[in-house]
Amino acid sequence: MMLLELVDVTASYGPVQVLDGVSLRVPEGGAVGILGANGAGKTTTLRAISGTVRTRGTITFEGRDIRGSRPEQIAALGIAHVPEGRGTLGQLTVRDNLRVGAYLRNDRKAVSGDIDYCLDLFPQLRDRIGSSAAALSGGEQQMLAIARAFMARPRLLMLDEASLGLAPSTARAVYDSIRRLRTESGISMLVVEQNASLAFTLVDSATVLEVGRNALSGTTAELRGMDEIRRAYLGG
Ligand SMILES: Nc1ncnc2c1ncn2[C@@H]1O[C@H](COP(=O)(O)OP(=O)(O)OP(=O)(O)O)[C@@H](O)[C@H]1O
Ligand SMILES: [Mg+2]
């Protein structure tokens with residue numbers, strides 16, 4: 001069963017149309033990548049799903065038409081978006097960021113269990129639990145943004161360039177934890193990434209956007225085998 005399906009989605013900022021018919025599907029329990037160069041429309045695709053940009057076309061989540069719904073309604077259906085440039089509340093502590101992530105939940109015991117789980121997944125956060133988010137390193141902020149989104153217990157976790165600006169070893173560590181989260185929770189993921197080799201360690205399939213359209217799509221194995229992917233995204 002498809003959790004999320006986009007068919008021929010267009011999106012515009014004011015008069016400027018930047019998505020020109022994007023289609024993609026995320027199966028229940030699946031992880032799908034969105035690759036592409038700067039300005040290709042990756043972030044806008046996530047914003048189309050979150051309801052923060054004007055769209056046309058079809059966007060269905062669990063079989064329900066969500067296009068045109070308000071961002072808070074879409075979040076309440078179980079779609080969590082970790083935005084580009086991270087999504088933490090800088091003035092709040094790590095602990096409070098995690099609590100805020102769970103604010104729509106009323107299962108208090110499970111929430112505190114999930115906080116423990118996040119600190120186990122990202123042990124560096126445990127050492128910084130009382131620090132303000134703004135005082136964390138870039139890698140720690142990315143970890144907190146992911147953990148905070150997970151605290152809502154979404155059905156779909158959307159990540160926008162989780163590796164951006166991180167040292168290679170930190171980016172790999174973040175992806176190791178995301179992979180573990182996927183395996184242990186079964187949560188479905190839609191992952192925007194410019195670093196295709198990192199994305200391919202996580203996703204089952206991906207689509208490559210070029211100027212607001214799908215240029216190529218396939219399973220991770222199929223894409224790894226394509227010359228144009230190797231040249232443009234895998235450094236050879
Ligand atoms: N708020 C905005 N107003 C007008 N145009 C925008 C806005 N945000 C993005 N754009 C334009 O929309 C196009 C797609 O941008 P988008 O941010 O979706 O690309 P991206 O693939 O995420 O790029 P990057 O890899 O740089 O993050 C670009 O041409 C960009 O300049
Ligand atoms: Mg972007």
Side-chain angles (χ1 to χ4, degrees), residues 4-26 31-59 66-72 74-75 79-88 138-139 141-146 148-149 156-168 170-172 174-175 178 189-203 205-218 220 223 226 228-235:
L4 176 76
E5 188 158 18
L6 275 64
V7 182
D8 210 12
V9 170
T10 66
S12 314
Y13 296 107
V16 185
Q17 184 179 318
V18 300
L19 295 187
D20 187 23
V22 169
S23 297
L24 64 84
R25 313 168 95 190
V26 181
V32 174
I34 302 177
L35 310 176
N38 289 118
K42 304 181 298 296
T43 294
T44 304
T45 301
L46 298 191
R47 298 190 66 203
I49 298 161
S50 299
T52 55
V53 63
R54 199 159 49 84
T55 51
R56 299 178 68 173
T58 308
I59 305 178
I66 60 165
R67 196 188 64 81
S69 299
R70 291 197 312 275
E72 58 276 20
I74 291 170
I79 298 181
H81 185 169
V82 179
E84 200 173 1
R86 294 154 203 143
T88 57
Q141 286 188 30
Q142 186 63 65
M143 293 169 194
L144 179 58
I146 296 164
R148 177 173 168 239
L156 176 70
L157 183 61
M158 303 200 295
L159 303 175
D160 197 347
E161 307 227 26
S163 73
L164 192 72
L166 305 184
T170 307
R172 278 194 300 275
V174 168
Y175 267 77
I178 299 170
M189 297 186 175
L190 182 59
V191 178
V192 164
E193 205 24 273
Q194 281 206 38
N195 183 336
S197 42
L198 209 48
F200 288 164
T201 66
L202 173 67
V203 302
S205 67
T207 187
V208 179
L209 297 186
E210 271 173 28
V211 283
R213 295 173 190 247
N214 303 89
L216 284 169
S217 302
T220 300
L223 292 167
M226 291 180 191
E228 53 270 56
I229 296 286
R230 282 212 287 269
R231 272 196 306 272
Y233 298 102
L234 299 174

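Any value given below was found using the heavy atoms of this structure, including those in side chains, with hydrogens, waters and symmetry copies removed. Numbers for residues simply follow the sequence, beginning at 1. Indexing begins at 1, ligand by ligand and atom by atom, following the structure's order.
Protein heavy atom nearest atom 9 (C) of ligand 1, with residue, atom name and distance: Tyr13 CE1, 3.5 Å. Summary of contacts: the protein heavy atom closest to atom 19 (O) of ligand 1 is Gly41 N, 3.3 Å. In this structure, the protein non-hydrogen atom closest to atom 26 (O) of ligand 1 is Asn38 ND2, 2.9 Å. Here the protein heavy atom with the shortest distance to atom 16 (P) of ligand 1 is Thr44 OG1, 3.5 Å.
Using modelled atom types, no side-chain atom of Lys42 and backbone atom of Leu209 make a donor-acceptor pair closer than 3.5 Å. For the pair Asp20 (side chain) and Gly212 (backbone), a donor-acceptor distance under 3.5 Å is absent. Remark: side-chain polar atoms of Gln17 are paired, donor with acceptor, to backbone N or O of Leu19 under 3.5 angstrom. Proximity of a side-chain donor or acceptor of Thr220 to a complementary backbone N or O of Val203 within less than 3.5 Å is detected. At distances below 3.5 Å, at least one donor-acceptor pair connects side-chain atoms of Arg54 with backbone N or O atoms of Gly14.
To the nearest 0.5 Å, atom CD1 of residue Ile59 and atom CD1 of residue Ile49 are 6.5 Å apart. The line from OG1 of Thr207 to CZ of Arg25 is 13.0 Å long, rounded to the nearest 0.5 Å.
Polar contact check, Val18 against ligand 1: no nitrogen or oxygen pair lies under 3.5 Å apart. Between Gly39 and ligand 1, a contact under 3.5 Å exists for at least one N or O pair. Taking any N or O of Arg47, backbone or side chain, none lies under 3.5 Å from an N or O belonging to ligand 1.
With ligand atoms numbered from 1 in the order given, ligand 1 contributes 25 (O), 27 (O) to contacts under 4.0 Å with heavy atoms of Glu161. Under a 4.0 Å criterion applied to the non-hydrogen atoms of Glu84, ligand 1 contributes the atoms 27 (O). For ligand 1 and Gln194, the ligand atoms under 4.0 Å from any heavy atom of the residue are 25 (O). Taking every heavy atom of Thr43 and a limit of under 4.0 angstrom, the matching atoms of ligand 1 come to 17 (O), 18 (O), 20 (P), 22 (O), 27 (O).
By the definition of a contact as any protein heavy atom under 4.0 Å away, atom 30 (C) of ligand 1 is not in contact.
Side-chain polar atoms of Asp8 and Thr10 form no donor-acceptor pair below 3.5 angstrom.
Under the 4.0 angstrom criterion for non-hydrogen atoms, Gly36 is not in contact with ligand 1. Not a single heavy atom of Gly14 sits under 4.0 Å from any atom of ligand 1.
Within a 6.0 Å sphere centred on CD of Glu210, other residues, nucleotides and ligands contribute 12 heavy atoms or fewer.
Taking both residues in full, the closest heavy atoms of Ala48 and Val9 are given as CB-CG1, 4.3 Å, listed atom of the first, atom of the second, then distance.
When rounded to 10 degrees, the angle formed at the Mg ion (ligand 2) by OG1 (Thr43) and OE1 (Glu84) equals 70°.
The Mg ion (ligand 2) has no N, O or S atom of Asn38 under 2.8 Å away, backbone or side chain.
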